[in-house]
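Reading through the structure tokens given below for one structure.
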Amino acid sequence: MARLDVGRIRSHFPALDAGVAHFDGPGGSQVPLVVAQAVADAMTSGMCQRGTLTATERRTDSVTLAARQAIADLVGGDPGGVVFGRSMTQLTMDLARTLAQGWGPGDEVVVTRLDHDSDIRPWVIAAERAGATVRWLGFDTVTTELDDVTPLLSERTRVVALTGASNLFGTRPDVAAVAAAAHAVGALVFVDAVHLTPHAPIDLASLGADVLVCSPYKFFGPHLGALVASPTLLEGLRPDKLLPSSDAVPERFELGTLPYELLAGVTAAVDFIAELLPSSQPGGSRRERVLTSMAALEAHEHVLLRHLLDGLAGIEAVTVHGRPARRTPTVLFTVAGHSARAVHEHLGALSVNAPASHFYALEASRHAGLGDGGGVRVGLAAYTTQDEVDRLLDGVRALLG
Ligand SMILES: Cc1ncc(COP(=O)(O)O)c(C=O)c1O
């Protein structure tokens, strides 16, 4: 497999010039200049509202449609089923409320303790309001692998919500297997791919996701969220909306005016991903180039991940939490005798950004015995170098004297 040219990739990110080693990608990646430029260009190109009469209207329309196509190419979806919103959290809250219109006592939803709270609380709140029952899927506290979902399923299961990858431990559950079991009882499968999308090729159909959500600011894009489903599924739902706003799908789900300039940034981010491995398939579709680039990125990140895990394993005071079979290059650790916050501060003073928290995966942190403090999270990205990983490891060793 062709290798990534990390030096070339890094040259696109102005923020890296400051010399900070960014292991904070799971909180939000750094942004290439082309993405920022696309946002600025869109804002100054003459846009207003979507329409077909004036060049201004058509430009605004095409920016919107291009962003839907970009997300569809990224995850293998249908552009007609791509909904944009302020964040994944907002989209999930809205969808859970909409789906719950059809629930009542006796209906059930399954959530996991491994998930970010944005893929738990919206379902819990919606279920409580509808009088439905919440079933909790746990995980092994040592490996962080999900428990078997089958005993939680019944013909009354309406939704199974699970993460494509844990933003705390990096665990990648076997989503396709959970989805197959959920589909066998007629449940809808909702996949939080916010942490998975920046690290692996995504294919909605192979995952078995009926609905998938992701957040472009985690993969070199601007701050907003995207939801992907089949247009047919969306056609059957009636979200709260204003009277004069479009009832077409996917617009029916988009409240108010979209941030068009950010949508231009989404397209630029997906184009940037497609070119992580430049000219890998001249003439190949963007979808094909995305898949090849993401496979190369995954391979690159896993070489660095091995180096990171080996280095941390060699430091006696360090505990790495979780040893999942399949994972993203995201590692949570704690250091004996030092609070996670103190480690974060110490590393920050060395220009190494590795934050400490539960990162909103509060249930996961508590279930794993880490309480509300969580740990120090190290996230690798396309722009991470081995030198930076060594700086982090040296920093942890320095803390221990
Ligand atoms: C796994 C995961 N899911 C969901 C979210 C929430 O995304 P958003 O900020 O777009 O609501 C995050 C944010 O960190 C996340 O890491």
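Note that ligands are numbered from 1 as they come in the structure, with each ligand's atoms numbered from 1 the same way. All values below come from the heavy atoms of this structure, side chains included, with hydrogens, waters and symmetry mates left out. The structure displayed is predicted, hence computed values, not measured ones.
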Review point. Is the H223 ring parallel, tilted or perpendicular to the Y217 ring (thresholds 30°, 60°)?
Key: parallel
> When you check the gap from the basic side-chain N to the acidic O, do R58 and D61 get nearer than 4.0 Å?
Replying inline: no
Ionic contact status for D387 with R391, cut-off 4.0 Å = no
re atom 15 (C) of ligand 1, the protein heavy-atom contact at minimum distance is H116 CD2, 3.2 Å
With respect to V194, determine whether any N or O atom, backbone or side chain, lies less than 3.5 Å from an N or O atom of ligand 1. no
Inset, instruction - Check the pair D73, R287 against salt bridge (Lys or Arg N to Asp or Glu O under 4.0 Å), reporting the backbone distance first and the verdict last. - result: CA-CA 5 Å; D73 285 349; R287 171 71 179 150; over 6 Å; no
Self-check item: K218 touching ligand 1 at heavy-atom level, < 4.0 angstrom
Solution: yes
Is the closest heavy atom of D192 to ligand 1 under 4.0 Å? yes
Rounded to the nearest 0.5 angstrom, the CE-CG distance for M88 and L95 is 10.5 Å
### Query
Can you check whether Y217 has an N/O within less than 3.5 Å of an N/O in ligand 1?
yes
N or O contact, T163 vs ligand 1, cut-off under 3.5 Å: no
Whether G225 lies under 4.0 Å from ligand 1, heavy atom: no
**Ion pair D247/R238, N-O distance below 4.0 Å** = yes
